[in-house]
Number of protein chains: 2
Amino acid sequence: MTKMNKERSLSKNQQIILDLIDKSSEPLKAYTILFNVQKKGIKAPPQVYRALDKLVEIGKIHKIESRNAFVACKNSNCEISKATAFSICESCEEVDEVSDTKLSKFLSKFNDKKGMTFKRFNLEFFGLCKRCKIK
Amino acid sequence: MTKMNKERSLSKNQQIILDLIDKSSEPLKAYTILFNVQKKGIKAPPQVYRALDKLVEIGKIHKIESRNAFVACKNSNCEISKATAFSICESCEEVDEVSDTKLSKFLSKFNDKKGMTFKRFNLEFFGLCKRCKIK
DNA sequence: CTCTAAAACGTTATATTATTACATACTGTT
DNA sequence: AACAGTATGTAATAATATAACGTTTTAGAG
């Protein structure tokens with residue numbers, strides 16, 4: 001039996017950029033990433049966008065569409081970039097990945113009336129986080 | 001009893017841009033809109049973006065975040081721009097507003113574990129529409 | 001009607017986000 | 001070694017969005 005290595009190894013640029021996003025407590029924008037990895041030899045936007053595209057594709061990171069920013073996947077190396085949900089505080093811009101079994105089951109089962117077949121969804125909740133409500 | 005006119009009247013630019021989006025069968029991008037209303041005297045991006053912002057705010061249109069494009073609200077002048085859901089065909093890029101009572105109830109009731117208060121959500125489903133599945 | 005504040009407008013410039021295009025190099029099979 | 005697929009580096013440019021002004025219009029209060 002051949003060793004099916006599910007764990008794809010990342011390229012140099014992919015790893016550098018994933019490391020940065022992983023360490024960050026907040027979503028990072030492409031150009032913020034660029035500025036932060038220039039010392040590591042990544043000098044131009046396409047290098048960043050290519051790595052980001054790949055990382056999104058393999059589920060290591062997610063794009064927060066409403067913010068054009070990227071976060072690391074917290075769901076133990078998420079195979080399910082097919083089913084993403086985030087909570088976004090409109091005051092402090094804190095973003096968290098929502099992981100709720102009921103929610104993802106409900107949405108994954110959801111069927112369109114017009115006969116579309118869904119492969120994937122992305123859900124973004126907006127509101128105020130605990131801390132910002134108090135202020 | 002004073003007449004509470006819920007029906008806000010749109011400004012000239014807002015009306016021009018809403019008309020265009022309304023007539024369109026597909027989501028329109030800001031610069032596509034700009035090019036199409038230049039003959040009507042709207043010449044610069046800020047004019048378009050201002051009108052779009054307002055129209056989104058009052059629920060006449062919605063932004064498809066993953067596409068940076070705008071569609072008219074089909075839910076009878078949607079007060080509920082608080083709860084939007086769309087289906088997006090990844091092949092032909094057709095976009096439809098999903099209106100499903102169960103879905104919107106479920107999501108509107110959804111409560112965050114971390115104590116966030118949600119005011120609004122946006123959900124985008126991706127897949128293949130009926131027609132594109134056949135091809 | 002007149003005054004006022006809010007909203008909308010027009011304009012120029014610029015910031016931010018993302019892609020095209022092309023030449024080169026690396027990686028892992030056969 | 002040869003090939004295919006993936007990744008790289010680089011320059012240029014496209015596409016999306018906002019800042020910052022000053023002016024004009026609109027709707028309501030008095």
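Residue numbers begin at 1 in each chain, while the letters A, B, ... track the order of the sequences. Predicted model only: the values in this text are computed from it and were never measured. In what follows, every heavy atom counts, from backbone to side chain, and hydrogens, waters and symmetry copies are set aside.
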Pair A:E124 + B:R120, salt bridge at N-O below 4.0 Å: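 Here A:E124 does not pair with B:R120 in a salt bridge, since their nearest N and O are not under 4.0 Å apart.
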May I ask you to verify if any side-chain N or O of [X] is less than 4.0 angstrom from the OP1 or OP2 atom of [N]?
{"X": "B:S11", "N": "C:dC9", "answer": "yes"}
{"X": "B:K54", "N": "C:dA8", "answer": "yes"}
{"X": "A:K43", "N": "D:dT10", "answer": "yes"}
{"X": "B:N68", "N": "D:dA15", "answer": "no"}
{"X": "A:K63", "N": "C:dA18", "answer": "yes"}
{"X": "B:Y31", "N": "D:dA15", "answer": "no"}

Sole residue of A:I21, A:T32, A:V71, A:I88 in side-chain contact (heavy atoms from CB on, under 4.5 Å) with A:P27: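 Going through the options one by one, the only one that passes is A:V71.
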Parallel, tilted or perpendicular: ring planes of B:F125 versus A:F121, cut at 30 and 60 degrees: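 Correct class here is perpendicular.
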Length of the line joining [X]:[atom1] and [N]:[atom2], which is rounded to integer Å:
{"X": "A:Q14", "N": "D:dG9", "atom1": "CD", "atom2": "P", "result": "12 Å"}
{"X": "B:Q47", "N": "C:dA8", "atom1": "CD", "atom2": "P", "result": "14 Å"}
{"X": "A:K40", "N": "D:dT8", "atom1": "NZ", "atom2": "C1'", "result": "18 Å"}
{"X": "A:K12", "N": "C:dA25", "atom1": "NZ", "atom2": "C1'", "result": "12 Å"}
{"X": "A:N13", "N": "C:dT27", "atom1": "CG", "atom2": "P", "result": "12 Å"}
{"X": "B:Q15", "N": "D:dT25", "atom1": "CD", "atom2": "P", "result": "19 Å"}
{"X": "A:K29", "N": "D:dA17", "atom1": "NZ", "atom2": "C1'", "result": "10 Å"}
{"X": "B:R50", "N": "C:dA7", "atom1": "CZ", "atom2": "P", "result": "14 Å"}

B:R67 versus B:E90, closest heavy-atom pair with distance: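 Result for this residue pair: NH2-CG, 4.3 Å.
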Test side-chain hydrogen bond (donor to acceptor under 3.5 Å, both in side chains) applied to B:S87 and A:K114, step by step: CA-CA 10 Å; B:S87 65; A:K114 295 185 179 158; over 6 Å; no
Position toward the 5' end of DNA chain C (nearest nucleotide), B:P45 or B:I42: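 Taking each residue's closest nucleotide, the earlier one in sequence belongs to B:I42.
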